[in-house]
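We're numbering straight along the sequence, starting at 1.
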Amino acid sequence: MIKIRNLSHNYAGGRKINFPDWDIDSMDQWLLLGASGKGKSTLLNILAGLLSPTQGTVMHNELNLHSLSGTALDRFRGRHIGIVFQQSHLIKALNAIQNLQIASSLAGLTFDDAHAMNLLKDLGIEELKKKYPHELSQGQLQRLSVARALINKPDLLIADEPTSSLDDENAFQVLEMLQTQAKNNQAALVIATHDQRVSQRIDKSYLL
């Protein structure tokens, strides 16, 4: 489904990172591993179409992701790639369900009410649909971020260091949530992490 070939990125100041070739099949679950500064977040941003590589290609179902630009790239990302950032980046002026609605609107899609409510129910936050981000706990914000990432039924779900600040119990709950939701939504899952606890739960790993 996704193929990385001959990929590299040059940073300001001349530092260059070369990324090994990588094939991600439909519904695969991968860890993106590497010490801080090795380029995990850079590669995630390239996979998500948020950053253009200096060289190489990211093929997404036979489409060269970085051949798109502007609105076309934004629409493609909104429809095919779900991202769970370290920070929630939810819109503070909108309640939970409205944050899901705007994610569909920005992708040019019709909002699927039934799918949205099923997601919120599966994630245990159905009763919070009218709550605003400042009214939610950190765990609830994270679950809403996962719902937003999945609302448009993406092919690929990306999570950046989702367990780094969590204790063991909560870390494994978040990991289980991401794995289950990716499977239920038939999405491939890529988790960038330096958290060794996560490696106990996912077999495939891509090392930087």
Side-chain angles (χ1 to χ4, degrees), residues 1-4 7-9 11 15-51 53 58 60 77 80-90 99 119-120 122-125 128 133 136-151 154-208:
M1 183 183 74
I2 296 169
K3 298 180 184 296
I4 288 177
L7 199 68
S8 65
H9 184 71
Y11 294 92
R15 178 170 171 253
K16 180 179 181 180
I17 292 183
N18 297 311
F19 300 103
D21 290 351
W22 191 8
D23 289 355
I24 303 171
D25 292 329
S26 178
M27 295 185 68
D28 270 359
Q29 297 194 352
W30 284 85
L31 296 180
L32 171 54
L33 302 174
S36 296
K38 290 292 186 180
K40 297 190 303 297
S41 292
T42 297
L43 181 53
L44 281 193
N45 285 329
I46 291 173
L47 274 176
L50 296 169
L51 177 69
V58 177
H60 193 120
R77 183 189 308 112
H80 296 280
I81 303 169
I83 310 168
V84 182
F85 297 101
Q86 290 186 51
Q87 302 298 321
S88 65
H89 296 296
L90 295 162
N99 267 283
L119 274 177
L120 295 178
D122 287 347
L123 291 164
I125 53 172
L128 304 176
L136 302 179
S137 70
Q138 193 59 43
Q140 291 165 343
L141 286 171
Q142 191 164 39
R143 288 170 183 271
L144 181 55
S145 296
V146 172
R148 182 187 56 186
L150 291 168
I151 190 61
D155 308 312
L156 174 64
L157 177 62
I158 292 171
D160 188 8
E161 299 284 4
T163 63
S164 60
S165 61
L166 302 177
D167 60 30
D168 287 349
E169 181 179 357
N170 286 308
F172 288 124
Q173 284 181 356
V174 166
L175 183 57
E176 177 70 21
M177 173 180 66
L178 289 168
Q179 290 183 279
T180 299
Q181 290 300 318
K183 183 178 179 180
N184 289 349
N185 287 270
Q186 299 184 322
L189 174 64
V190 173
I191 300 176
T193 187
H194 63 269
D195 187 342
Q196 293 301 312
R197 297 171 300 180
V198 179
S199 63
Q200 302 172 26
R201 303 292 294 270
I202 295 179
D203 294 333
K204 293 183 178 181
S205 59
Y206 176 97
L207 180 63
L208 292 177

Q181 side chain to L123 main-chain N or O, any donor-acceptor pair under 3.5 Å? no
Do R148 side-chain atoms and S88 backbone N/O form a donor-acceptor pair below 3.5 Å? yes
Given V58 and F19, is the side chain to side chain contact (heavy atoms under 4.5 Å, CB included) satisfied, shown in steps? CA-CA 11 Å; V58 177; F19 300 103; over 6 Å; no
Taking every non-hydrogen atom, the tightest pair across [X] and [Y]:
X	Y	result
A159	L178	CB-CD1, 4.0 Å
L47	I81	O-CD1, 3.6 Å
I83	A48	CD1-CB, 3.6 Å
L136	Q140	CA-OE1, 3.4 Å
P133	N99	CG-ND2, 4.2 Å
P154	G82	CB-N, 3.6 Å

Enumerate the residue pairs fulfilling side-chain hydrogen bond (donor to acceptor under 3.5 Å, both in side chains) with a member in residues 27-43, sequence neighbours excluded, ordered by first and then second residue.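 Output for this query lists Y11-T42, D28-W30, D28-K204, Q29-Q179, S41-D160.
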Using a cut-off of 6.0 Å, state whether more than 12 heavy atoms not belonging to D167 lie near its atom CG. yes
How far does CD of E161 sit from OG1 of T193, to the nearest 0.5 angstrom? 4.5 Å
To the nearest 0.5 Å, what is the distance between CG (N45) and CG (L51)?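 Output value for this atom pair is 6.0 Å.
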The test is side chain to side chain contact (heavy atoms under 4.5 Å, CB included); show your working for L43 and L32 and say whether it passes. CA-CA 9 Å; L43 181 53; L32 171 54; 3.9 Å; yes
Do [X] and [Y] make a side-chain contact, defined as non-hydrogen atoms from C-beta onward lying under 4.5 Å apart?
X	Y	answer
V198	L33	no
L208	P20	yes
D155	S26	no

My understanding is that only one of D195, D168, N170 makes a side chain to side chain donor-acceptor pair (under 3.5 Å) with T163; could you say which?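 For T163, the side chain to side chain donor-acceptor pair (under 3.5 Å) check succeeds only for D195.
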Tell me, with the steps shown, if N184 and L150 meet side chain to side chain contact (heavy atoms under 4.5 Å, CB included). CA-CA 10 Å; N184 289 349; L150 291 168; over 6 Å; no
Could you walk me through whether L144 and L120 satisfy the side chain to side chain contact (heavy atoms under 4.5 Å, CB included) test, starting with their C-alpha distance in whole Å, then the side-chain angles of each, then the deciding distance to 0.1 Å, before giving a yes or no? CA-CA 8 Å; L144 181 55; L120 295 178; 4.2 Å; yes
